[in-house]
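Below: one structure, written as structure tokens.
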Amino acid sequence: MAKFKNNAKKLSYISVPSQIINSISSSSIQSLLDSPKKCARHSKFSRCRSPRLFLFTLSLFAFFAMLKFGFNLDAPFPPFLCSTPNGPSKSKLGVALASRKGGAVTEPLIGSVQLHDQVPHERGEEAEKSEFWEQPDGLGYKPCLDFSREYRRESEGVVKSRRRYLMVVVSGGMNQQRNQIVDAVVIARILGAALVVPILQVNVIWGDESEFADIFDLEHFKSVLANDVRVVSALPSTHLMTRPVEGSPPLHVTPSWIRSRYLRRFNREGVLLLRGLDSRLSKDLPPDLQKLRCKVAFHALRFAKPVLELGNNIAERMKSKGPYLALHLRMEKDVWVRTGCLPGLSAEYDEIVNSERIQRPELLTARSNMTYHERKLAGLCPLNAMEVTRLLKALGAPKDARIYWAGGQPLGGKEALQPLIHEFPHLYSKEDLALPGELEPFANKASLMAALDYIVSEKSDVFMPSHGGNMGHALQGHRAYAGHKTYITPNKRQMLPYFLNSSLPEAEFNRIVKELHQDSLGQPELRASKAVRDVTKYPVPQCMCNDPHHHSS
């Protein structure tokens, strides 16, 4: 333990296995916080007089303590703390006890429980061998963005142009903004214009004022697209006084529509401002523009360095004990309201959702002529915690599987998650895994928090959303592009009747559910229906080529 020397302010840390620290009384912990006292002159076992004896005694104590707890270093972090009777609190990696002075507690740092160096417990080894963690056969598909000779020839004129500048305002959450930025780049290419760094509209729901460079690596974005579209940080002085041509395209417009609608006025004024790009550009584009979509989504839109570093660190903390599952739970209040569904917790919570829907009918995005039960049976509702739990068990998820929970706070708080916590106690969120102070720069910034979830989910061994949405769609394409990593698509419409059949034996239920999902685990899926499928969700075959020498195992 470090000493205070010459009244210099230093921190003292004691790092021991969490099982041992839990058994130490509060008075014992307080004694550890105090600075070491001088050796008593008349102490029979004074460590100053006999350091070897002191070290031997300390080692003996540590040996018997480890025997007592059975070398149980199985869990890298404590189980999800929502399951504690006193409510949630942040978990930390290890134990860092800071010295106190004048009643103030200094900022704790990371404890020294080395997750990467621990010997896996037998149960952990069994979990890693579980077929649940097996990856689908990618059939030899690899990223393939070979642009045509004509596209490359036109690129020189496009990137050198100084006549036209496209400005775009994107809205929604981070994943929705991401989709619109992809389309903004493609529209800039269609019009042969330079793209001014997209303006992120302040989110009306979360009040997030993050700008492009707060979320994404701007210089990387410019560099990757240097041969496709010129990206500028601001309008040049020659165009500052120009009154822009404004527009908001209808849904699913084609490149020819965009040119015929905007190009003449664009040439005259020099600046075009587009708003509301969500789903405005057709999903069915010429091959080169489809490849450009993939290039933006999977290469250019890298997260800003602070976001990327923390996201990678959290992913490493999950990975340090073996494979993990990322679960995107769509159980927030606004999701239940917008989908026209009910959380199934109690009549009280159903009334909260119904009341909100009546007061704000514009939030309902589902078909209003369907009842809740009709939506449920049609597979249009998010899975609740009980349904997620039964699905994971049926698919063979081991009980000690480590699960990263991505998403906002569920309606009903920790009680809504109890069925999942009961069966899979190793459930963690970014708040559980972050060290003290790590999340402070991201406070009240929903887009940055969503970016952290995206990074940890993308790096997981298995990913499953409880409902569709922009994040789930983006990750489906990203994981396919990365080599077809396991992505479980819940087959809600077909499996829900079996969920409602209480007389069905569990073994039979598991067999049926597993069979229903044998082709929904992230295997290569061709983008067959061109008009409705986004290439960034289904990158095969427009953005991925098959290796003719590949042989499935």
Can a salt bridge be assigned to the pair [X] and [Y] using a cut-off of 4.0 Å between side-chain N and carboxylate O?
X: E458; Y: K485; value: yes
X: R338; Y: E356; value: no
X: E525; Y: K537; value: no
X: E387; Y: R390; value: no

Would you compute the distance between atom [atom1] of [X] and atom [atom2] of [Y] and round it to the nearest 0.5 angstrom?
X: I187; Y: L277; atom1: CD1; atom2: CG; value: 5.0 Å
X: S210; Y: N444; atom1: OG; atom2: CG; value: 10.0 Å
X: W336; Y: Y349; atom1: CH2; atom2: OH; value: 13.0 Å
X: N179; Y: S279; atom1: CG; atom2: OG; value: 7.5 Å
X: L496; Y: L383; atom1: CG; atom2: CG; value: 7.0 Å
X: L327; Y: L420; atom1: CG; atom2: CG; value: 6.5 Å

Is it the case that the side chain of [X] and the backbone of [Y] share a donor-acceptor pair, with hydrogens and angles ignored and the cut-off at 3.5 Å?
X: W405; Y: A326; value: no
X: R527; Y: Y538; value: no
X: Q523; Y: L521; value: yes
X: Q177; Y: G172; value: yes
X: Q542; Y: L289; value: no
X: Q518; Y: L516; value: no
X: E374; Y: T371; value: yes
X: R402; Y: K321; value: yes
X: R280; Y: G276; value: yes
X: Q180; Y: Q176; value: yes

Going by atom types only, do [X] and [Y] share a side-chain donor-acceptor pair under 3.5 Å?
X: E431; Y: S429; answer: yes
X: Y404; Y: D453; answer: yes
X: D208; Y: S447; answer: yes

Exercise answer: donor-acceptor pairs, residues 299-311 side-chain atoms, under 3.5 Å, sequence neighbours excluded:
{"from": "H299", "atom 1": "NE2", "to": "Y481", "atom 2": "OH", "distance (Å)": "2.8"}
{"from": "R302", "atom 1": "NH2", "to": "D217", "atom 2": "OD2", "distance (Å)": "3.0"}
{"from": "R302", "atom 1": "NH2", "to": "H220", "atom 2": "ND1", "distance (Å)": "3.4"}

Are side-chain heavy atoms of P343 and N384 found at a separation under 4.5 Å? no
Side-chain heavy-atom pair L500, L377 within 4.5 angstrom cut-off: yes
What pairs with [X] under ring pair (Phe, Tyr, Trp, His ring centres under 6.0 Å), at least two apart in sequence or on another chain?
X: F499; result: F509
X: Y324; result: none
X: F147; result: Y151

Minimum-distance pair of heavy atoms, taken over all atoms of [X] and [Y]:
X: S457; Y: A406; result: OG-CB, 3.9 Å
X: C294; Y: V535; result: SG-CG2, 3.9 Å
X: Y454; Y: A474; result: OH-O, 3.6 Å
X: N175; Y: M471; result: ND2-CB, 3.3 Å
X: L504; Y: Y498; result: CD2-CD2, 4.0 Å
X: V388; Y: S466; result: CG2-CB, 4.1 Å

Answer yes or no: are there more than 12 heavy-atom neighbours, outside K459 itself, under 6.0 Å from its atom NZ? no
Residue pairs involving residues 460-481 (criterion salt bridge (Lys or Arg N to Asp or Glu O under 4.0 Å); sequence neighbours excluded): K319-D461
Salt bridge (Lys or Arg N to Asp or Glu O under 4.0 Å) contacts touching residues 172-183 (sequence neighbours left out): D183-R293
Residues that [X] engages under side-chain contact (heavy atoms from CB on, under 4.5 Å), provided they are two or more places apart:
X: P361; value: none
X: N313; value: R317
X: E351; value: S355
X: E423; value: T389, K393, K399

Please evaluate residues D284 and S282 with respect to the criterion side chain to side chain donor-acceptor pair (under 3.5 Å), reporting the C-alpha separation (whole Å), side-chain torsions for both, the decisive distance (0.1 Å), and the verdict. CA-CA 5 Å; D284 186 16; S282 171; 5.6 Å; no
Pair V335, T339 - check side chain to side chain contact (heavy atoms under 4.5 Å, CB included), show working. CA-CA 6 Å; V335 175; T339 57; 4.2 Å; yes
Write out all pairs satisfying disulfide bond (SG atoms under 2.5 Å apart) with one or both partners inside residues 372-460, taking only residues at least two apart or from two chains. C341-C381
Please, which pairs that meet disulfide bond (SG atoms under 2.5 Å apart) have at least one residue in residues 461-515, sequence neighbours excluded? none
How about C144 and C545: are their SG atoms under 2.5 Å apart? yes
